[in-house]
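All remarks here apply to the structure that follows.
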Amino acid sequence: MLQIMDLSKSYKKTLAVDRVSFTVPDGQVGILLGPNGAGKSTIIKSIAGLLRYDGAIMIQGIPSREIAAKKIFGYVPEIPALFDALTVREHIEYIRRAYDSDITEEEIQALFRRFELDDKQDKLGNELSKGMMQKVSICCALAVKPKVILLDEPMVGLDPQAIKELKEVVLELRNQGITVLISTHMLEMVKELWDIVFIMDKGRIRATYTREQAGNQDLDAIFFGITRGNAGEKAESGILEPMQESTRESAGN
Amino acid sequence: MKALLYVSIRSFINRMKMRLRKPLTYVGIVFWVLYGLMMLNSFDIIFSEAGNMTGPEGYAVVLSFFIVWSIPMNLLAYARKRGLAFKHSDIHYVFSAPISPKGILLYAQSKTLLAGFLLNLFISIGGVVWFHISPVKMLLFFLVSFVVETIFEGCLMLIVFGNEFLGETGTKVLRGFIWACVIAMGALLLSQMFTKPIALSLIRETLAHPLMQLIPVIGWNIAFVRLLLIGPNTLNLICAGMYLISAVAAVLVALRMKCTGQYFEDAMTFADEYEEALKRNKRGNSMEKASKKKKFKEAQVKYRGTGAKAIFYRQLLEYKKSRFFVLNYLSFIMIGISVIASIATALGVFSFDEMATGGAQVFILPGISAYITFIFSSTATKWTKELQNPYTFLMPDTTLRKMWYSTAMEHLKAIIDGCLLCVPLGVLMGLSIIQILLCVLIYVCLQANRLYVGMVCDGILAPLFGAAMLSLTRLLIQGFIMTIGIIGAVIGAVLGGPEVGFVVLIVIAFIFAVGLALLGSIMFGRMESLENY
C-alpha cells in the first residue's frame, strides 16, 4: 500500500503541491493524471525520495525514506539514465546486491526475453537507445521484486511489443497483490489497467475515482470533464462527481 | 555499500577495457609520459631556483600550498551542496536504492579517491626526488598523511554536505566560518606584504608562518605536515594535536549525525549542471558557462533575405535582446587592457617604448592579438548552438551558406573586439591609421582561424579524441598556423617593411581560415553533427 498524507512542496515561492493526500491499496493500480504543470512529477519525485517535502509518504506503512521502505519499492523514472560503463546484465547485478533481491538467474533471463534484451546483455549503458534504456529501467525495477512500484510515463519510447508486455506485467503485479502507481498522459494505454485514478490540477487532487464509480465512463472523458469543465458542465455531460475527501482517504482501507 | 563497490569496480574495469581497445590511448600515454618527464625536470628548477625551496622545510611549504588551495575550496563547495560528482544514473539507481545516504556521499567522494591517491603518491615521490628526503620518511609520511587526511576530509564532507541538524542558518554560519579562515590567511599574507619586499618568497614565508598553523583545520593540517616532515616543536605539536583531535571528533559526529537523504534534491540540481559540464568538456568547450535562464530585453529585427540568411538575422535578434548586445567577456578584457594601458602610460608607470625598441613596437599589437587568440582557443562561440538545432540541417540551402551565415556574426564581433583593442593602443603607440587598420584585420583573421579550427576539431576530430587530446590538438593546429603566419610576416617585414609583413600575415591567416571553413562546412550537411552537441 502506498499512502500520501498531506504532501506539500514549494520551489522557493511557488507552491507546486498543496496538501495532497491519496492512497493506493495493495493489489491495485493507481493512475496519476493531470495536465502539464499539475504537480505530478513533484509527487513522483517526492515518493521516490528525491525531494524535500512537508507531509508523510508511507510504503507498506513504513516512512518512505527508511531503508526498509526503499527495499520494497521499485521506481521507473520518466527519463532513464543508465550507468555509462555498466552492461545491461551488470545493472541487474547491481540491483540484486543493492536490494538484496532473491531474483534468480532464470527469472532474470525470463525478464530479458520478455523485453527482448537477451541479446543486449553485454551492451554498455551508453551504447543503448532511449527505448532500450527504458526497458532496462523497467527490468531493474522488477528485479527489486517490489511491494510498491512507481512508473513515471513508462510507455514513452517503448515499441508496441514492449508496451504490450508492460501492460501484462502490470496486470500480473496487480494479481500478485503489488501496489502500482502510474503517472502518464497516455490515457489510451492505461484504460484496461486502472483501479483507481487521481486527477490533479494546479498542485491539488481535483478528483478521485475507482473503476466501480466510473462505470462505463472512459478515462479521457473523466479527465477532460474535470480539467476543462466546471461542475455544471460535468453534471450535464453525465460525468460522475469525484469522491469526497473522506471517501478518498478511505479508498485504500 | 557492497552494491556501490560493485558499480565502482565494474565501471573501472569496463572503462579500462574500452580505453585499451583504442590505439589513440597509447599515443596519449606516450605523450603524457614525455610531458611528465619534461615537467619533472622543470620542477627541480622551479623549486630550487625560483622559490628557494629545498629540503623538508621547502617540501612542507609546497604541501601547505596544496592544503590552503584545496581544503577551503572543497569545504565551501560541500557547504553549497556541490563538489560531489553525482550523475543522472546515480539519481536513478542510487538515491532510490536502500543504501545509507551517508554511504552514497562516501561513494560520490570515492570517485576522486584514486586521483587523490595518485596525487599523494606523486607528491611523496617528489619529496624524495626534488627535496631529497629519505624514502623511509616519505613512505611513513605518505601512509600517515594520506590515511588521516582522507578520513578527516571524508568526515568533514559528510558533516558539511549531509548534515540535517544545522539547517539553513547553521549552514550559513558554517560557510561564514570557512570564509573567516580564508580571510585570516589573506590578512596574514597582506600583513607580510607590508613588512617585507614583494617576491615569490613572500608566499613561502606566509605559508611557513607560525600564525598560519593556528588557523583551525587548515592551519592545523599544515602543522601536522610540518610535524611529520620537519620534526616537533611546541607550536606544531599543539596544532597537530588539535588536528588529530578534530579528526577524531569529525569521525564521531559523522557517525552519529542524522542523514536521511535531504541533500538528494540539491544533488539532483548539481547533477544536471555536472552532466552539462561533462558534455561541454567532451566537446572541448570547458570554458563555456552553464546555460542559466537569462533575462532578455524586447527587440525586433527585420529579416532581409531567405534561406540560411535567416540564421544571421535570428542571431542578430538574440544579440539585440542581450544585455550587452554583441559584447562578451572577451570584449571587456579588451576594454580593460586598453584602459589600464592608457592610465599606466598617462601616469608614466608604463611605456610602450620600454617594451620594444628599434621599430619593433609596431609588432606589439599583433603579438597581443595572437596571444589572446591562443589562450582563448577553447572558448565556445555562438555558432555551435546552430548545430544543436535540427532546423539548421533541414533548412533548404547549401552547407556553405549555412556555415557562413552561422558564423558571420562572429566575424562582426571580432571586428568590434579588434577595434576595442587596437584603436586605443595603436593611438597610444603612435601607429599610423593604416597600421592600426591592418592590426584590426590581423585580429579578425586570427579569430576566424580560431573559430574554424574549433569547427574542424569539434565536428571532425571530436569523435576520435578525448577532451584533453582535443584541446591539445586545437592548440597545436592554432600554433602551427600562427607559426607559419609569423614566419611569413617576418620575411615580409624584412623585405618591405612592417605593413608588408602585416599583409603577408593577413593573407596567410585568411587562406587557412577559408580552407578550414570549407572543411568545417561539411558539418552543416550531416545530421550526425547533432549527436556531438
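Within every chain, numbering begins at 1; the chains are lettered A, B, ... in the order of the sequence lines, protein sequences first and strands thereafter. These numbers come from a predicted model, not from an experiment. Reckoned from all heavy atoms, side chains included, excluding hydrogens, waters and symmetry mates.
Rounding to the nearest 0.5 Å gives a distance of 11.0 Å between NZ of A:Lys71 and CD1 of B:Ile99. Taken from OG in B:Ser96 to CD1 in A:Ile47, the straight-line distance is 12.5 Å, to the nearest 0.5 Å. Rounded to the nearest 0.5 Å, atoms CZ (A:Phe83) and NZ (B:Lys87) are 10.0 Å apart. Atom CZ in A:Arg97 sits 8.5 Å away from atom CG in B:Leu5 (nearest 0.5 Å). Note: A:Arg52 CZ to B:Glu164 CD = 9.0 Å, rounded to the nearest 0.5 Å. Between the NZ atom of A:Lys45 and the CZ atom of B:Phe95 there is a distance of 12.5 Å, given to the nearest 0.5 Å.
With a threshold of 4.5 angstrom between heavy atoms, A:Ile95 approaches chain B through side-chain atoms but not through N, CA, C or O. For A:Glu66, no part lies under 4.5 angstrom from a heavy atom of chain B. Neither the backbone nor the side chain of A:Ser64 has a heavy atom closer than 4.5 Å to any heavy atom of chain B. Contact of B:Ile13 with chain A is not made at all, since no heavy-atom distance falls under 4.5 Å.
Between chain B and the residues A:Ala48, A:Ala141, A:Cys140, the largest count of heavy-atom pairs under 4.5 Å involves A:Cys140.
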Steps toward side-chain contact (heavy atoms from CB on, under 4.5 Å) verdict (B:Gln262, A:Arg65): CA-CA 9 Å; B:Gln262 301 274 337; A:Arg65 283 200 189 275; 4.0 Å; yes
Chi angles and distances behind the side-chain contact (heavy atoms from CB on, under 4.5 Å) call for B:Arg15, A:Asp84: CA-CA 9 Å; B:Arg15 280 205 180 96; A:Asp84 286 349; 4.2 Å; yes
Step-by-step side-chain contact (heavy atoms from CB on, under 4.5 Å) determination, B:Val7 to A:Glu90: CA-CA 8 Å; B:Val7 170; A:Glu90 286 166 347; over 6 Å; no
Chi angles and distances behind the side-chain contact (heavy atoms from CB on, under 4.5 Å) call for A:Ser137, B:His92: CA-CA 9 Å; A:Ser137 175; B:His92 181 163; 3.1 Å; yes
B:Glu265 vs A:Lys9, salt bridge (charged side-chain N to carboxylate O under 4.0 Å, His left out): CA-CA, chis, key distance, verdict: CA-CA 12 Å; B:Glu265 186 173 337; A:Lys9 170 71 189 170; 2.8 Å; yes
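Within a 6.0 Å sphere centred on CG of B:Leu121, heavy atoms belonging to other residues, nucleotides or ligands number more than 12. The environment of A:Tyr11 atom OH is dense: over 12 non-hydrogen atoms of other residues, nucleotides or ligands sit within 6.0 angstrom. Counted within 6.0 Å of NZ on A:Lys202, heavy atoms from surrounding residues, nucleotides or ligands total 12 or fewer; the atom is thus considered open. Counting non-hydrogen atoms of other residues, nucleotides and ligands closer than 6.0 Å to NZ of B:Lys111 gives a total above 12. Other residues, nucleotides and ligands place more than 12 heavy atoms under 6.0 Å from the NZ atom of B:Lys102. Around the CZ atom of B:Phe165, the shell of radius 6.0 Å holds more than 12 heavy atoms that belong to other residues, nucleotides or ligands.
At a threshold of 4.5 Å between non-hydrogen side-chain atoms, the residues A:Leu124 and B:Met18 count as touching. Within the 4.5 Å cutoff, no side-chain heavy atoms of A:Leu82 are placed close to those of B:Ser89.
In terms of heavy atoms, B:Ala97 sits closest to A:Tyr99 at CA-OH, 3.3 Å. Between B:Ser100 and A:Ile67 the shortest heavy-atom distance is N-CD1, 3.8 Å. The shortest non-hydrogen separation linking A:Ala98 to B:Pro98 is O-CG, 3.3 Å.
The closest donor-acceptor contact from the side chain of A:Tyr94 to the backbone of B:Tyr93 lies under 3.5 Å.
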